[in-house]
*Asks:* 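Submitted below is the structure of interest, expressed as structure tokens.
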Amino acid sequence: MAIMLWNSTYSVGVRELDDQHKGLIHMINEMHYAMNQDKGQEAISSIVEQMFDYMETHFSTEEAYLQKFGDPTLPAHQRQHEEFRGKARDLRQRVRQQEFILSFEIVQFLSDWLQNHIMVTDMKYASLLAQKGVH
Ligand SMILES: [Fe+2]
Ligand SMILES: [Fe+2]
């Protein structure tokens, strides 16, 4: 069973960003599935690496939109991305050094973080981008 499902309430109204959010949700579900299936730490770690890379791509894409359209919430938004990057770096390091076994709590954390970030922070730019005719 998926830990998180995309639905239209997650839509920020911009196709490229919605597609990236869907991709991230998909990766979190893959991670969850790999753990449920006991795929082994190596397989799970590789999904984690991919997910963090894609998260990085997404943050850059999103920040570029906000920069381009002069979103006043950009600095606060960037701080949230930065905070997540810090956590991701730490997790990645620990996974690579094998000091850390990925747990369901981590997947739950990623899923909760993403859900909350999209619904609260990302949603703040939705109306501005809609006004600017971005879709
Ligand atoms: Fe964001
Ligand atoms: Fe986002």
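Both ligands and their constituent atoms are indexed starting at 1 by order of listing. Everything numeric here is computed off the predicted structure, so don't read it as measured data.
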*Asks:* Please collect all side-chain hydrogen bond (donor to acceptor under 3.5 Å, both in side chains) contacts where either partner lies in residues 28-37, sequence neighbours excluded, each pair once.
*Replies:* none

*Asks:* Anything under 3.5 Å between a donor and an acceptor, one on a side chain of residues 119-130, the other on a protein residue two or more places apart or in another chain? List them.
*Replies:*
| from | atom 1 | to | atom 2 | distance (Å) |
| --- | --- | --- | --- | --- |
| T121 | OG1 | Q80 | OE1 | 3.2 |
| T121 | OG1 | Q80 | NE2 | 3.0 |
| D122 | OD1 | H77 | NE2 | 3.0 |
| D122 | OD1 | H117 | NE2 | 3.1 |
| D122 | OD2 | H21 | NE2 | 2.9 |
| Y125 | OH | E62 | OE2 | 2.7 |

*Asks:* I need the protein N, O or S atoms closer than 2.8 Å to the Fe ion (ligand 2), given as residue plus atom name.
*Replies:* H21 NE2, H58 NE2, E62 OE2, D122 OD2

*Asks:* Do the charged groups of D53 and R92 touch, with an N to O distance under 4.0 Å?
*Replies:* yes

*Asks:* Heavy-atom count around Q67 CD within 6.0 Å, excluding the residue itself: above 12?
*Replies:* no

*Asks:* What pairs with N116 under side-chain hydrogen bond (donor to acceptor under 3.5 Å, both in side chains), at least two apart in sequence or on another chain?
*Replies:* none

*Asks:* Whether E83 and R89 form a salt bridge (side-chain N of Lys/Arg under 4.0 Å from carboxylate O of Asp/Glu) is what I want to check.
*Replies:* no

